[in-house]
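To start, the structure itself, in structure tokens.
In this chain, numbering begins with 1 at the start of the sequence shown. Remember, predicted model here, so these are calculated numbers, not experimental data.
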Amino acid sequence: MSKLDQILILDPPCDLKFKGPFTGVVTTNLKLKNPSDRRVCFKVKTTAPRRYCVRPNSGVIEAGATVIISVMLQPFDYDPNEKSKHKFMVQTIFAPPNVSDMDSLWKDAKPDDLMDSKLRCVFELPSENDKVNDVEATKAAPDLKKVLEKCKRQQTEINKLAEENRQLKEDGLRMRKVPRSDHMTSNSTSLLGREASTTSLPSLLVVIAAIFIGFFLGKFIL
């Protein structure tokens, strides 16, 4: 019986590319798509398990579903003259109706039921354009920081001016209210004074008239 063709669609299909520099962890993604109407179990293997971390490294893909695998290359001293011999293999099998023990499933699987795809690892150094962009980004970082600090200072000054403007408006309103009150008070005092003078004038006339009347009456009586 011939071996089954891989049912999953792999993206990328052949090469896993890792782009340096390799002084830190470099991650690349592998997409597994299940175009069939059946559930598929998968397992990811590598020839250099100590150099890579794969998440998830096994599982079940539902019919029509897609799973993204993260392959993380650990830091190492890269030698461009040394060709990579690292390889990955994606092994798959159609899932039975009830999957409870994945280890037993793979252990008891018949070779003719297994499907697999192999991928080689390719290491790439950054291009000159990438290096220029990184350098420009590094140079631009201090300038960006200065711009942000300047914007922050300007915002602080704007807030301060707004507060001073608000305070001046409040002081202006208070100053306009105080003279008006004094003017009203002085006007009221003047009016009261005039009213008092107007009121006292007839009283004085009455007193003078009474004196004269009393004088004349006394003269006639005498």
Side-chain angles (χ1 to χ4, degrees), residues 1-96 99 101-142 144:
M1 186 175 179
S2 61
K3 191 173 183 179
L4 295 175
D5 293 333
Q6 176 63 268
I7 190 63
L8 298 182
I9 299 175
L10 279 63
D11 182 19
C14 300
D15 297 336
L16 282 177
K17 295 182 179 180
F18 297 87
K19 193 170 185 179
F22 302 99
T23 54
V25 176
V26 179
T27 302
T28 190
N29 292 330
L30 173 62
K31 185 184 296 184
L32 305 180
K33 182 178 181 180
N34 179 11
S36 71
D37 56 356
R38 298 175 60 182
R39 302 171 71 205
V40 175
C41 299
F42 74 91
K43 181 165 57 174
V44 182
K45 297 181 179 180
T46 179
T47 57
R50 294 184 179 180
R51 299 284 294 276
Y52 299 90
C53 181
V54 182
R55 294 290 182 273
N57 59 0
S58 63
V60 179
I61 306 178
E62 299 294 332
T66 299
V67 171
I68 296 179
I69 310 296
S70 295
V71 182
M72 291 161 277
L73 172 63
Q74 303 304 307
F76 72 103
D77 295 328
Y78 175 67
D79 184 0
N81 297 320
E82 182 181 351
K83 293 184 179 180
S84 173
K85 297 180 180 179
H86 301 167
K87 295 180 181 180
F88 276 82
M89 182 174 70
V90 178
Q91 199 170 47
T92 58
I93 187 174
F94 285 111
V99 181
D101 189 351
M102 297 293 294
D103 292 335
S104 298
L105 172 68
W106 291 107
K107 184 178 179 180
D108 298 337
K110 297 178 182 180
D112 294 339
D113 295 335
L114 297 175
M115 300 166 281
D116 60 63
S117 298
K118 294 181 175 66
L119 302 96
R120 68 188 186 98
C121 297
V122 179
F123 300 150
E124 296 179 347
L125 286 175
S127 63
E128 292 300 323
N129 291 334
D130 293 336
K131 290 180 180 179
V132 171
N133 292 335
D134 292 340
V135 171
E136 290 179 352
T138 303
K139 290 181 179 179
L144 180 60

* Structure fact -> Value for NZ (K87) from NZ (K118), rounded to nearest 0.5 Å, stands at 8.5 Å
* **Nearest non-hydrogen partners of G24 and P75, listed with the distance** => C-CG, 3.6 Å
* Distance from I69 atom CD1 to K31 atom NZ, nearest 0.5 Å? -> 12.0 Å
* To do: Describe, in one word, how the ring planes of H86 and F123 are oriented to each other, choosing from parallel (under 30°), tilted (30 to 60°) and perpendicular (over 60°).
  => perpendicular
* To do: For side-chain contact (heavy atoms from CB on, under 4.5 Å), just list the numbers for D11 and K33, CA-CA rounded to whole Å, side-chain angles, deciding distance to a tenth of an Å, and then say yes or no.
  => CA-CA 8 Å; D11 182 19; K33 182 178 181 180; over 6 Å; no
Can you list, pair by pair, the side-chain donor-acceptor contacts under 3.5 Å of residues 53-63, counting residues two or more places apart and other chains?
from: E62; atom 1: OE1; to: R39; atom 2: NE; distance (Å): 3.4
from: E62; atom 1: OE2; to: R39; atom 2: NE; distance (Å): 3.2

* To do: Would you name the heavy atoms of R50 and Q74 that are closest together and state the gap between them?
  => O-CG, 4.3 Å
* Asked: What's the verdict on side-chain contact (heavy atoms from CB on, under 4.5 Å) for L119 and C14, showing C-alpha distance, side-chain angles and the deciding distance?
  -> CA-CA 5 Å; L119 302 96; C14 300; 5.9 Å; no
* Asked: Under a 4.5 Å cut-off applied to non-hydrogen side-chain atoms, are F22 and D77 in contact?
  -> no
* Asked: Can any side-chain N or O of N34 pair as donor or acceptor with the backbone N or O of R38 at less than 3.5 Å?
  -> yes
* Please assess T23 against Y78 for the test side-chain contact (heavy atoms from CB on, under 4.5 Å), listing each intermediate value before the final yes or no. => CA-CA 9 Å; T23 54; Y78 175 67; over 6 Å; no
* To do: Of all the heavy-atom pairs spanning K19 and V26, show the shortest one and how long it is.
  => O-CG1, 3.4 Å
* All side chain to side chain contact (heavy atoms under 4.5 Å, CB included) counterparts of P12, not counting sequence neighbours -> L16, L30
* Asked: Got C41 and L105 here, is their nearest side-chain heavy-atom distance under 4.5 Å?
  -> yes
* Asked: Closest approach of P126 and G20, non-hydrogen atoms and distance?
  -> CG-O, 3.2 Å
* Structure fact -> Distance col, row T46:OG1 vs M89:CE, nearest 0.5 angstrom, shows 10.5 Å
* Asked: Quick check: are there more than 12 heavy atoms from other residues, nucleotides or ligands sitting under 6.0 Å from CG of D5?
  -> no
* To do: Find the distance between CG (L4) and CG (D113) and round it off to the nearest 0.5 Å.
  => 6.5 Å
* To do: May I ask you to check whether over 12 heavy atoms, not counting those of D79, lie within 6.0 Å of atom CG?
  => yes
* Asked: Taking the six-membered ring where the residue is Trp, are the ring centres of Y52 and F18 under 6.0 Å apart?
  -> yes
* Asked: Hey, what do you get for CE (M72) to OG1 (T27), rounding to the nearest 0.5 Å?
  -> 5.5 Å
* Asked: Say you draw a straight line from CD1 of I7 to CD1 of I93; how long is it, rounded to the nearest 0.5 Å?
  -> 13.0 Å
* Asked: Testing V67, T92, L32 for side-chain contact (heavy atoms from CB on, under 4.5 Å) with V40, which one passes?
  -> T92
